[in-house]
Amino acid sequence: MSRGQRSGATGGEAVAGAGIAGARERRVRTGGIELCVAELGDPEQPTVLLVHGYPDSKEVWSEVARGLADRFHVVLYDVRGCGRSTAPRPLRGGFTLEKLTDDFLAVADAVSPDRPVHLVGHDWGSVQGWEFATVRRTEGRIASFTSMSGPSLDHFGHWIKKRMTRPTPRRAAQLLQQSAKSWYVGVLHTPVLPELAWKGPLGKHWPRVLERLEKMPAGDYPTASLPRDAAHGAWLYRDNVLPRLRRPRGDAYAHCPVQLITPTGDAFLSERLYDDLEEWAPQLVRRTLAAKHWVPRTRPDQLVSWIGAFVTAKEEGDPARRVVASGPHADRFGGQLVLVTGAASGIGRATAFAFAEAGARIIAVDRDAEGAARTADMSRLIGAPQAWAEVVDIADGTAMEKLADRVDADYGTVDVLVNNAGIGLAGPFLRTTTEDWKKVLDVNLWGVIHGCRVFGRRMADRGQGGHIVNTASAAAFLPSKMLPAYSTSKAAVLMLSECLRAELAGQGIGVTAMCPGLVDTAIANTAGSTGAPADEEKRRQEETGRKDPRRNYPPEKVADAILRAVVRNQAVVPVTPEARGARLLSRFAPRLLRTFARFERRV
Amino acid sequence: MAPVTTATSREAAELKSELRGFREVQRLAYACAEAVAAQLRPGVTERTAARMQRDWLRERGVRDWFHLPFAWFGDRTAFVNFRVPLQFFPTHRALEPGMPFILDMAPVHQGFTADIGYSGCLGLNPVHDRLLADLEAHRDLILREVRERRSLREIYEDVDRLMVRQGYANRHRAYPFGVIAHKIDRVGARRWSPTLFGFGVRSLRGLASDALRGHRDGWSPLWSPYRFSDHPPTPGLWAVEPHLGFRGTGAKFEEILVVTDSADPRESAFWLDDDLPHVRRRQEERAA
């Protein structure tokens, strides 16, 4: 289909881009050049205008545009000099932000003459977007602006000035950090050299560089027009960067609501650049994404969800604070799909609630139907846009496979998987029967294996990152003669997590093993004990279930630690102080732990 | 036989008039809570709310207290980050729209004591509504198990389990001794009624002497999760205060449960008054 598009293109002088499947193309004339504009979706719907960056063409948005097209009127255009748009003559002085603003207004007037458009920009598209969103002459033409990986040059100028005039150690460090990331800007200011590189070896190897360094999936992007786009685009820097950084505008206040999406692994922009942004954009909505620079290629689904939610909220006239949930890490987990097993009680339920407070969509999985339904119900009350309960025995491989299929079909791909369900079993090894072993391993180990297998595979297949959290235990590195079966299963979970982490690291999927210590949950009440008659077991359960008021570590704190671990992509997280102590001892004084292991102690 | 029956009938009459006194002061306290709650506006602080309760009750003749009025706003209703008892006292936290609040007071009026807790919120708060609705299950559970003469510690644990099942945290654990209830009694009127850390000295003395007596006989005036509460309910008046917490939102009710030594289960324990705001609310919801 891309070939067909290419042959249908009219601009004979330009090296053709690949075009976007199913898009209606037209050309808009402005200021002596012709812009190639592509449209998807129903023109009656709100218009979302996507502006690409450097060195890109509008095809960088192909995935995002496709995702948005069923709800919105999606418009993309090649920035002057890129893709199938023509370049100004002469090039010098033809790429100033003022001229780019003319282009934007021409496109907006052509595609949506009566209604303001929702602007989305990536990289230089976002730099331009900030200009559009802050100059007076576009007022009333922009309904909202979603910015990713591209600061306003004016804000950037003020940011640098502030740090130069009073360079505290922290500010100096921030300056140094950002200048280390901005090395290429200097290179682009040299004459001729960048053009030669792009038209020569760099242009040839660029797709491989992106694949290697940016983990961009191979495919139809970058397009064949790359060397020309990149060579022309150098003038974006030469025409704008120095003048704006030297004399940043003092009135660069956004006149529309702004959503800022910050990739945490961006090689070119420091997260600190956006520290004072609320000053310039009062109704700022922040989102954070664990990804590298080219998010439109690597995380299209997430962008579609956030852009869609923001645009819809603005169309419906919601105040800004309703877009993002109130809880901590709402910038990171808003709208994501989180599946928690063992969600009917204890740590699982608290984790579901914590994610719900961060605005995630929740799937609460448990054997206990009533408890899971209750968790889903309460999750909706505290901020989850959607929440469902699923009744599944995680030890059952086929049931898990079915669950994964159902989740995939009904709710989408899971972004964060929390394999939390587990059962306790106390009693010495020689009194542990085969059935006891089977029961513990089926839930504690096979449950985790099934979860990682069925959901991990789908996560990896999607290729847009994700995270898996497995609840191990401090018992995983704490030998004890009282808990052989439980500790063994948890040690296996710990090692499984570490191996899986290594395997999935290349695909942007993090794996965390949580090792809570003694936490105030029902696991002790419901724990079995080996070789004990039923009434004795009940008595023991009551004994251990009777909470020790001095050891009252709430599951909510473990849930907070889980969210933090996902945000920071931690590998192994001992949670309670005794778990941390045990981990230290297991590494530096294992003999001491072996001595402790021989004591009989309460579970 | 005859003197015994006359004695019990006289006791019954005495009990009846006594209960009337307690019921009146409990109604007075709830009226105060409703009056103050109706006056709460955004910007009112906990201290102001506590003073409003104190003034309202003083105007109506209250001179002594089991404890002085408390007011908790926002996440303080769930005792978030409470570490020392001093944090129970009213602060300068200001009320905001949508915030839950709890008013808790224990006035002594004409020798009768009440101890009540009133939960509300300023405007809409679906989480708070759910908490209030779920509290009712605890009211039923407590009464049923007291009538079954289960040990107080057991009942405490059953309440705890129900809370966990509902997905809530037990916040009465934060109270002194982690009590879900405590005994209250008559306090003789005196001209001078000093307080100590917000508690009426003479009420405290009554509680302490009960504790001493109970210690000898194997019971306690504090209904707690500890071993000293491992006994069947003792006759008397118990101010019961289950307190739910859910992620920064808390709700409780507190009212008097009468426990007698009657053999008839219905007479052996009953709520002093069924015409209270949280009970009415539930009846209205049922009707609707």
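Residue numbers begin at 1 in each chain, while the letters A, B, ... track the order of the sequences.
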[atom1] of [X]: more than 12 outside heavy atoms within 6.0 angstrom?
{"X": "A:Arg367", "atom1": "CZ", "result": "no"}
{"X": "B:Phe177", "atom1": "CZ", "result": "no"}
{"X": "B:Glu148", "atom1": "CD", "result": "yes"}
{"X": "B:Arg205", "atom1": "CZ", "result": "no"}

Proximal to chain B - members of residues 372-381 of chain A, heavy-atom separation under 4.5 Å:
A:Arg374, A:Asp377, A:Met378, A:Leu381
Residue [X] versus chain A: region with a heavy atom under 4.5 Å:
{"X": "B:Tyr156", "result": "neither"}
{"X": "B:Arg247", "result": "both"}
{"X": "B:Asn125", "result": "neither"}

Between A:Ala354, A:Pro554, A:Gly327, the one whose heavy-atom pairs under 4.5 Å with chain B are most numerous
A:Ala354
From CZ (B:Arg165) to CG (A:Asp368), nearest 0.5 Å
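Answer rounded to 0.5 Å: 9.5 Å.
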Which atoms of A:Ala344 approach chain B - backbone, side chain, both or neither, heavy atom under 4.5 Å:
neither
Can you tell me if A:Arg349 uses its side chain to pair, donor with acceptor, with the backbone of B:Val164 under 3.5 Å?
yes
